[in-house]
Amino acid sequence: MRVRRGTVLPVLALTATLALLAGLAGPAAAVDSVSPPSATASSEPTAPPGAPGPDTTGPRPSASALEPSPAEPPAVPAAPPAPKVPATPGPLPPSSTEPAGVQQPEPDPESPIQAKYAQLGGAAGGLGAALGPANCGLAQGGCSQAFEHGAIVWTPATGAHSVTGIIGTTWAASGFENGQLGYPATDEVCGLRDGGCYQMFQNGAILFSPGTGAAISAGPIRSSWAASGYENGYLGYPTTNTVCGLRDGGCYQMFQGGAIVWSPATGAAISLGAIRTAWAATGFENGYLGYPTTNEVCGLRDGGCYQMFQSGAIVWSPATGAAVSLGAVRGAWAANGYENGHLGYPTANEVCGLPGGGCYQWYQRGIIWWSPSSGAHPVWGGIQSSYSSAGWAWGWLGYPIGREICQGTTCIQKFQTGTISWENGWVGQKRYNECESLNNGRSVYSGYGARTVSFAVAEGYGQSGAWFIRCRSIAGQYVEDWAVRGTVGASGFKPPGIASGPTRNLYSPTGSYSVTEAFGAGNPGTALPYQKLNPNSRWGGNPGTSTYNRYFESTSWTGWDENMWYFLQKAGNDYQQGAVINYNRPPDSPIVQDAGFAIFLHENPVPTAGCIAIAHPYMVDWLQKAAVGDRIIMGVRGALFR
């Protein structure tokens, strides 16, 4: 088809053309200032960067419901902007400076523009009369012709399409065919939701509705909007053009129901509702979360949703609202099963500025505490209540250094300076002492995994005074049950590896020994095999005999044998209750003659001949809680702990 070029008119200023199109658009053609939608463009923002849109906290459509508007074709893939041609604006009106005597050309009925004009009703149609001839020589071989109420623009690639009204004004403001949109690729299409219209261009679209005005839709932000269902989705119509110049080359565009935010590093993501409000409170993309990296993901437990950001997430549920989740605290929450775990949803953001640079965050059923020295660990239930009574992290316990550990009906949690244990509703707080050395490897001697390990600790050699500390295992961690002052041999402890020798030397041995049997005036309720003493009760003390360092009965008292009945009856009632410490005897070791014998734990805390002595109430309690295989570690502090 032949295209006849009319007389090329002198170029009008762009402002004059904009004024013309604005006039042609009529009273409804007012439009906000337009900013370039490309990811690299910058413009005068029409709203503060990241400014929140209307809140949309109501029900949102499912992913399967987000179909593109049937009235609008899919977005045209973005193509590189056409090279700008200097001094070749879009549709032009007649020049007011045309030389006198130049004849206005008649419309060419064979041209694509005239064919389109005829299709639209010619001079009697919506465009009205021609204002001049076609203007060709535009970019990409294009031509345009101005009419009373708009223009028709043609290129070999796009065909001929009319541009009118507020959409035409918006296209003019974007730079006509030399701007980001390029040439029109369709006519204006109306009949959209709420009286809306759109027109497709080579590199995007212009949308209009009476409630929102006209806005350019292009690039990855348009693709994201398309995936949400265009104007029929939960975002509705765009209310601004794309605004760029954000941090790290980012852009955003506002919509009726929220915003779409894009950066080169993160791509485009929808931002709306309560999660957007929470993001705004952190400083949008300039805050510690950075840009969103996903859209919201809903369908979580109890109707919850979350959205991922560069440095964390925002989590929301109807019951808890929106809260930021990030860093080590988020890691601890993840380790506990996120919202499906014991803690449930976060109910507030982190609170920092605690002692030692610490932070905490509340959840539905507990708290996660963090500090640089202790890491992040949750606290809940009865242990949380006890921790609160101790002053939280400001109190003597400090921060938790591990999570709660349970075994059966008992639980324990370790803190920086002590433990809190829970057992059948009973809660106890204990400072770290000798028992903790069994947990952290600082005990020189092993407890061999015994259910109960007791320490007899003197502060130095030659001292008979000592602390006796009973440690019991709660969920695999040793904690103090009680501690009481007691006594050991009158001569104190022998160094490690040195036999205590005969009882007449009054030394106690150093080491870790098992307990397998008990004795006394009557069983107080111990699980240990129990020997009730009688007038014939003896303990062998004569080296070289078959009874050496063993219980036996005899009517006589020979040599160094010990008369146990005598020690039961004497003042102080040493053997009212007692237990055998398996020093120099099975099952701990073979018997070595004259290395020492009759090393017991018994009553009456006065200096002994080598035994450990504690007060009657503690001796009874110890026996009542004892079992075969319990152990006693004894010696000078410097020899027992690393």
Side-chain angles (χ1 to χ4, degrees), residues 18 20-35 37 46-47 53-56 58-61 65-76 91 116 119-121 124-128 147-153 161-174 181 184-201 203-218 221-243 253-260 270 272-273:
L18 289 174
L20 173 64
L21 283 175
L24 295 178
V31 63
D32 294 337
S33 59
V34 180
S35 55
T46 58
D55 196 357
T56 56
R60 303 188 185 113
L66 304 180
E67 298 297 334
S69 166
E72 178 180 356
V76 177
K116 184 68 175 181
Q119 179 187 346
L120 296 175
L127 287 173
F147 298 85
E148 287 181 302
H149 304 299
I152 296 176
V153 185
H161 302 288
S162 63
V163 185
T164 63
I166 191 170
I167 289 181
T169 303
T170 303
W171 182 51
S174 75
L181 288 171
T186 69
D187 292 340
E188 185 176 308
V189 177
C190 292
L192 306 188
R193 195 190 83 182
D194 302 331
C197 301
Y198 75 92
Q199 185 165 7
M200 297 302 300
F201 291 80
N203 300 318
I206 296 176
L207 280 296
F208 165 83
S209 81
T212 60
I216 294 171
S217 174
I221 288 181
R222 176 172 173 78
S223 298
S224 181
W225 181 50
S228 76
Y230 290 114
E231 76 284 349
N232 293 311
Y234 50 85
L235 284 172
Y237 284 98
T239 60
T240 69
N241 291 332
T242 299
V243 177
Q253 185 168 18
M254 298 302 301
F255 293 78
Q256 289 176 300
I260 297 178
I270 294 170
L272 73 166

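In this chain, numbering begins with 1 at the start of the sequence shown. None of these values were measured; they are calculated from a predicted model.
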Value rounded to 0.5 Å, distance of [atom1] in [X] from [atom2] in [Y]:
X	Y	atom1	atom2	value
T239	L207	OG1	CG	11.5 Å
Q119	I152	CD	CD1	9.0 Å
K116	D187	NZ	CG	3.5 Å

I'd like to know if the side chain of [X] reaches the main chain of [Y], judged simply by a donor and an acceptor atom lying under 3.5 Å from each other, with no hydrogens or angles considered.
X	Y	result
R193	E231	yes
S228	G233	no
Q253	I216	yes

Kindly assign one of parallel, tilted or perpendicular to the pair W225 and F255, based on the angle between their ring planes and the thresholds 30° and 60°.
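Answer is tilted, since the angle falls between 30° and 60°.
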
Side chain to side chain contact (heavy atoms under 4.5 Å, CB included) evaluation trace for L192 with Y230:
CA-CA 10 Å; L192 306 188; Y230 290 114; over 6 Å; no

I'd like to check S224 versus I270 (side-chain heavy atoms, cut-off strictly below 4.5 Å). Are they in contact?
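When only atoms from C-beta onward are counted, I270 and S224 do touch, with a gap below 4.5 Å.
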
Hey, does T164 have a side-chain heavy atom less than 4.5 Å from the side chain of L127?
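Heavy-atom side-chain distance check passes, below 4.5 Å.
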
Can you list everything that forms a side chain to side chain donor-acceptor pair (under 3.5 Å) with S209? Sequence neighbours excluded, please.
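With neighbours one apart ignored, the set is T212.
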
If I compare all heavy atoms of [X] with all of [Y], which pair ends up nearest, and what's the gap?
X	Y	answer
S174	W171	OG-O, 2.7 Å
M254	A259	SD-CB, 3.6 Å
L272	G257	CB-O, 3.3 Å
G196	P210	N-CD, 4.5 Å
A214	I166	CB-CG1, 3.9 Å
S162	L120	CB-CD1, 3.7 Å

